[in-house]
Each structure stands twice: as C-alpha cells, then as structure tokens.
Amino acid sequence: MITLSLGNRNFNLQDYIHSLIKGDREKCLSFINKYLETNPNPTKIYEEVIRPSLYRVGDMWESNEISVANEHLATSTSEFLLNHIHQSIHSNQKVGKKVVIAGIEKEIHQIGIKIVADCFEKSGWETFCLGANVSAKDIILFVKTTNPDLLALSLSLYNNLPDLEKTMVKIREVYPHIPIIIGGRAFLTGRRQLANKFRSAFYIPDLYALDIFIQNQNE
Ligand code: B12
C-alpha cells in the first residue's frame, strides 16, 4: 500500500491508481479534491499524485498486468483531472513574460507538457502550450510570431534524445540567445548534461526545481 501523508490526513495512492485504471472519474475526483483541500499547491499534487500514478500505470502496462485499454483509460481520466486541477490555478499578477512549451516531433506524450504549462501560468506567465509532436520548423516559426522570453521542451522517450539535440541545434541556428529549458521522463536514465552543449540551455529535473527557476526569472 502506498500512503501519502499530508497534514493530518492519509491518502491511499494505491486506491487512487485502482480507480484511475477503472476510469472511475468520481472516485478520482473525490481523491483530488480532498488532496487539494489539504494542500492547494498544484505542484505537490502533480509531483506526488499525477506523475507517480501514471508511472505506475506505465509499469503495469509494460509488464502486461493491465491492458492497453486500461492504460488509455487511466491516461484520459488523468487528462480530465488535469483540466479540473487547472481550474484551481490562479495567478494573482501577470509578470509580463512569455513561454512557449512543446514536445518535439515524434513525441506524443503530452501530459507532462500540460503540467509544465500550468506551472508557468500559476506564476503569472503568458503561456503558449503547443502540445506534443511539434517539428523544429514549427517551433521556430511560432517563436518568430510570439517572441517569447523562454522555450520549454519536454521529452518522454529516451530513444528520442538525439532528435531533441537536433531540434535544439536547429533552434540555436535561428535563435542563438533564447533561453531553453528541457525536462521530462527521458532524462531519468541520464543524458542530463545535454543542455550543457548549448548556450543558455538548462535541464530542470522536476517541478519543485521548475518553481524555483520561475521564481528567479520573476525577480
Ligand atoms: C500515457 C502514456 C502514453 C500515452 C500518451 C498519451 C498522452 N495524451 O500523453 C500513449 C498511449 C499515446 C503512449 C504512447 C507510447 N508510449 Co507511453 N507512456 C505513457 C505513460 C503510461 C504515462 C506518461 C505520462 O503522462 N506520465 C506522467 C507525466 C506527468 O510525467 P512526465 O511526462 O514524466 O512529466 C513530468 C516530469 O517529467 C516533468 N516534465 C515533463 N516534461 C518537462 C519539460 C520541462 C521543461 C520540465 C522542466 C519538466 C518536465 O513534469 C511532469 C510533472 O511531474 C508512460 C509511463 C511513464 N513512466 O511515464 C509511458 C511511457 C513513457 N511510454 C512508453 C512507450 C514505449 C510508448 C510507445 C513507444 C509505445 C508504443 N509501442 O507505441 C508510444 C510512443 C509514442 C510516441 N511516439 O511518443 C515508455 C517509454 C520508455 C522509454 N524507453 O523511454 C513508458 C515509460 C512506458 C513504459 N514503462 O515502458 N504512451
């Protein structure tokens, strides 16, 4: 049993994962609402509930403990819950900064991308979330029209790391100075130093570090 303790309440993550796989929106929603009541900081719920539960779903899928359909159900239920959590996000003041967030071409994992967008939004940034599978050409064109202060790229598949590097090379050819942050599950097993190959590029390991990065940018 995986129990999360928060305030004086305990949350059984195993039960939540079970409801997620069954696509039981009502039970999941009740879990999420109780968690948010105890701690309204979305970063915490993303890092302690949404991410680990989907990683667990991925492991169960990989080891054939659950079907592809149940994995899809868990994913779509999580997307529904993200939309719900999004409603609790309020930024008191706009900071006058813009960020473009995207998953590179061939990447169709988009939940992490949406979450990163929420983190910027709650900190008062104007946020352009392009979603997954965006080509370098399209990212470059979009940057031209929006002139953002920062570009955030997400990568889930380890095998796509060379494509991320190629994308960053192409972006740097056109925009030598725009700061770029990279993150996502692909870096869990290494290659975090990829960012060091590029000027003003940074690897950010999790949302707690992202919040600190954003705070520093806001000062
Ligand atoms: C849902 C899912 C899918 C869905 C995606 C649907 C969607 N709408 O996004 C579908 C079914 C489409 C899918 C497809 C595939 N998937 Co998939 N998928 C998953 C699963 C179960 C969950 C992903 C997820 O949403 N995680 C939760 C989010 C919140 O976590 P996250 O993305 O890591 O993001 C967090 C952080 O990393 C960070 N973050 C993310 N990006 C960024 C960016 C920045 C700048 C920063 C600062 C932070 C940051 O913030 C987030 C909050 O904590 C994972 C399991 C897992 N362990 O992740 C497998 C997983 C990622 N998939 C995997 C695979 C193999 C595939 C497929 C190749 C399967 C296939 N044979 O077709 C395809 C590939 C498709 C493609 N070309 O991209 C493997 C990858 C293994 C590897 N070698 O890298 C995993 C790990 C499953 C497994 N255990 O094998 N998948």
Side-chain angles (χ1 to χ4, degrees), residues 16-17 20-21 23 41-83 85-86 99-120 122-123 125 127-135 139 148 150-164 167-168 171 178-192 194-195 198 200-217:
Y16 170 80
I17 294 169
L20 206 57
I21 291 161
N41 177 6
T43 298
K44 184 107 180 139
I45 200 161
Y46 292 144
E47 284 295 6
E48 310 302 329
V49 177
I50 304 290
R51 186 207 301 227
S53 58
L54 279 168
Y55 279 18
R56 177 74 192 115
V57 167
D59 292 344
M60 291 164 90
W61 169 34
E62 198 187 7
S63 57
N64 288 323
E65 280 173 68
I66 58 166
S67 67
V68 170
N70 284 114
E71 175 278 322
H72 282 16
L73 200 50
T75 304
S76 75
T77 306
S78 299
E79 296 207 66
F80 161 78
L81 297 166
L82 284 190
N83 290 337
I85 298 169
H86 181 86
V99 59
V100 170
I101 304 148
I104 65 156
E105 199 164 12
K106 296 204 251 175
E107 267 288 340
I108 58 172
H109 296 93
Q110 61 171 12
I111 294 188
I113 299 169
K114 287 185 177 175
I115 290 178
V116 169
D118 280 1
C119 290
F120 280 96
K122 80 176 157 77
S123 303
W125 285 54
T127 303
F128 300 92
C129 181
L130 306 188
N133 197 16
V134 192
S135 70
I139 293 173
L150 180 71
L151 188 56
L153 300 175
S154 169
L155 195 76
S156 292
L157 295 180
Y158 184 78
N159 293 348
N160 286 346
L161 274 158
D163 298 279
L164 174 64
T167 302
M168 290 172 77
I171 293 167
I178 183 171
I180 302 175
I181 58 169
I182 56 175
R185 192 197 169 277
F187 297 95
L188 283 185
T189 41
R191 293 294 309 273
R192 293 162 179 202
L194 172 67
F198 299 87
S200 302
F202 311 95
Y203 164 70
I204 302 202
D206 57 41
L207 302 181
Y208 299 115
L210 180 63
D211 278 349
I212 293 169
F213 175 88
I214 297 173
Q215 260 171 36
N216 290 336
Q217 302 296 307

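Atoms within a ligand are numbered from 1 in the order they appear, just like the ligands themselves. Any value given below was found using the heavy atoms of this structure, including those in side chains, with hydrogens, waters and symmetry copies removed. Note that the numbering runs from 1 along the sequence shown for the chain. Quick caveat: nothing in here was measured; it's all calculated off a predicted structure.
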K.L.:
Do any nitrogen or oxygen atoms of Trp61 lie less than 3.5 angstrom from nitrogen or oxygen atoms of ligand 1?
P.N.:
no

K.L.:
Once you restrict to heavy atoms under 4.0 Å, what part of Glu62 touches ligand 1? Side chain, backbone, both or neither.
P.N.:
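Under 4.0 Å from ligand 1, Glu62 contributes side-chain atoms alone.
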
K.L.:
Identify the protein heavy atom lying closest to atom 77 (N) of ligand 1, giving its residue, its atom name and the separation to 0.1 Å.
P.N.:
Lys106 O, 2.7 Å

K.L.:
For atom 40 (C) of ligand 1, find the nearest protein heavy atom and state the residue, atom name and distance (0.1 Å precision).
P.N.:
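For atom 40 (C) of ligand 1, the nearest protein heavy atom comes out as Gly184 CA, 3.4 Å.
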
K.L.:
Determine, counting only non-hydrogen atoms of the protein, whether one lies under 4.0 angstrom from atom 85 (C) of ligand 1.
P.N.:
no

K.L.:
Kindly identify the option in Glu71, Glu48, Arg56 whose heavy atom sits closest to atom 4 (C) of ligand 1.
P.N.:
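Ranked by closest heavy atom to atom 4 (C) of ligand 1, first place is Glu71.
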
K.L.:
Given Tyr203, which of Phe198, Phe213, Phe187 fulfils the ring pair (Phe, Tyr, Trp, His ring centres under 6.0 Å) condition?
P.N.:
Phe187

K.L.:
Using a heavy-atom cut-off of under 4.0 Å, does the side chain or the backbone of Ile115 touch ligand 1, or both, or neither?
P.N.:
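It is the side chain that touches ligand 1; the backbone stays farther off.
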
K.L.:
Counting heavy atoms only, which of Ala209, Gly112, Ala152 comes nearest to atom 28 (C) of ligand 1?
P.N.:
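Heavy atom nearest to atom 28 (C) of ligand 1 belongs to Gly112.
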
K.L.:
Tell me which part of Ile111 gets within contact of ligand 1: side chain, backbone, both or neither, using heavy atoms under 4.0 Å.
P.N.:
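Answer for Ile111: both.
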
K.L.:
Going by the side chain to side chain contact (heavy atoms under 4.5 Å, CB included) test, name the single residue among Asn160, Ile113, Leu164, Asn133 that passes it with Glu107.
P.N.:
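Filter result, single survivor: Asn160.
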
K.L.:
If we only count N/O pairs under 3.5 Å, is Ile108 in contact with ligand 1?
P.N.:
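Yes, at least one N or O pair falls under 3.5 Å.
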
K.L.:
Counting only non-hydrogen atoms of the protein, does one fall under 4.0 Å from atom 72 (O) of ligand 1?
P.N.:
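Looking at atom 72 (O) of ligand 1, one finds that no protein heavy atom lies closer than 4.0 Å.
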
K.L.:
Quick check on Asn159 - does any of its heavy atoms sit under 4.0 Å from an atom of ligand 1?
P.N.:
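Not so, Asn159 does not reach ligand 1.
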
K.L.:
For Leu207, which part has a heavy atom under 4.0 Å from ligand 1: side chain, backbone, both, or neither?
P.N.:
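The part of Leu207 near ligand 1 is the side chain, not the backbone.
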
K.L.:
Among all the protein's heavy atoms, is there at least one whose distance to atom 58 (O) of ligand 1 comes out below 4.0 Å?
P.N.:
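So far as the 4.0 Å threshold goes, atom 58 (O) of ligand 1 is in reach of a protein heavy atom.
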
K.L.:
In Å and rounded to the nearest 0.5 Å, what is the CD1 to CG distance from Ile182 to Leu161?
P.N.:
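Reported value, rounded in 0.5 Å steps: 8.0 Å.
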
K.L.:
Specify which N/O/S atom of His109 comes nearest to atom 17 (Co) of ligand 1, by atom name.
P.N.:
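Result for His109 and atom 17 (Co) of ligand 1: NE2.
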
K.L.:
Regarding Glu65 and Arg56, does a basic nitrogen lie under 4.0 Å from an acidic carboxylate oxygen?
P.N.:
yes

K.L.:
If you measure from each non-hydrogen atom of Glu47 to ligand 1, which part falls under 4.0 Å: side chain, backbone, both or neither?
P.N.:
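For Glu47, only side-chain atoms sit under 4.0 Å from ligand 1.
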
K.L.:
Residue-level breakdown please: for Asn160 versus ligand 1, do any non-hydrogen atoms fall below 4.0 Å on the side chain, on the backbone, on both, or on neither?
P.N.:
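Near ligand 1, Asn160 shows nothing, with every heavy atom at 4.0 Å or more.
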
K.L.:
What about Ser154: any of its N or O atoms under 3.5 Å from an N or O on ligand 1?
P.N.:
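Yes; at least one N/O pair falls below 3.5 Å.
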
K.L.:
Check whether any side-chain heavy atom of Ile139 lies under 4.5 Å from a side-chain heavy atom of Leu153, and answer yes or no.
P.N.:
yes

K.L.:
Does any N or O of ligand 1 fall below 3.5 Å from an N or O anywhere on Arg51, backbone included?
P.N.:
yes

K.L.:
Tyr55 versus ligand 1: do any nitrogen or oxygen atoms come within less than 3.5 Å of each other?
P.N.:
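Looking only at distances, the answer is yes, because the N/O contact criterion of under 3.5 Å is met.
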
K.L.:
Flag atom 67 (C) of ligand 1 as yes if some protein heavy-atom distance to it falls below 4.0 Å, otherwise no.
P.N.:
no

